[in-house]
Amino acid sequence: MFLVSASLLGQNNEKTCEILLKINILLQAQHYQPQAIDDSLSVYVFDTFVDGLDPNRNIFTKKEYQDLCQHRLMIDNYIFDKDCYFIKDFVAIQR
């Protein structure tokens with residue numbers, strides 16, 4: 001997961017969004033048990049993504065984590081809106 005996270009963050013925002021949207025389309029069409037795109041998926045994706053970036057909880061400060069949590073229940077909305085602007089917040093912290 002970390003390698004996927006790091007490679008996505010290394011892309012420009014438009015390229016990252018394009019990749020994420022293609023992954024979603026593929027998963028919805030080809031996965032043997034596609035998941036509903038809702039708040040529970042948002043929480044899972046956010047938690048998995050953050051765990052991949054900071055598994056030992058020693059990279060993000062409490063404030064940084066709290067700032068990122070604004071996206072925790074919104075990822076499903078971002079998918080529907082084709083909006084990947086939230087990734088800039090992760091990139092800003094990683095620099």
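Hydrogens, waters and symmetry mates are skipped; everything else that's a heavy atom, side chains included, is used.
Taking CZ of Arg57 as the start and CG of Asp51 as the end, the distance is 4.5 Å to the nearest 0.5 Å. Atom CD of Gln35 is separated from atom CG of Asp76 by 13.0 Å, given to the nearest 0.5 angstrom. Considering CZ of Phe80 and CG of Asp38, their distance stands at 8.0 Å, rounded to 0.5 Å. The line from CD1 of Ile87 to NE2 of His71 is 9.5 Å long, rounded to the nearest 0.5 Å. From Lys62, atom NZ reaches atom CD of Gln66 across 5.5 Å, with rounding to the nearest 0.5 Å. Taking CG from Leu21 and SG from Cys84, the interatomic distance works out to 5.0 Å, rounded to the nearest 0.5 Å.
Of the possible polar contacts, none joining the Asp81 side chain to the Asp83 backbone as a donor-acceptor pair under 3.5 Å is found. Looking at Asp67, its side chain never comes within 3.5 Å of a backbone N or O of Gln70 through a donor-acceptor pair. In this structure, Asp54 contributes its side chain and Phe60 its backbone to a donor-acceptor pair below 3.5 Å.
Using a 4.0 Å cut-off between charged nitrogen and carboxylate oxygen, Asp39 and Arg72 do not count as a salt-bridge pair.
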Pair Phe49, Phe90 - check ring-ring contact (aromatic ring centres under 6.0 Å, His included), show working. CA-CA 10 Å; Phe49 191 65; Phe90 287 90; 5.0 Å; yes

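The nearest pair of heavy atoms linking Ser42 to Met74 is OG-C, 4.0 Å. Across all their heavy atoms, Leu41 and Ala36 have their closest contact at CB-O, 3.6 Å.
The shortest side-chain heavy-atom distance between Ile59 and Leu53 does not fall under the 4.5 Å cut-off. Between Asn24 and Ile37, the closest side-chain pair of non-hydrogen atoms falls below 4.5 Å.
The aromatic rings of Tyr65 and Phe46 lie tilted to each other, with the angle between the two planes from 30° to 60°.
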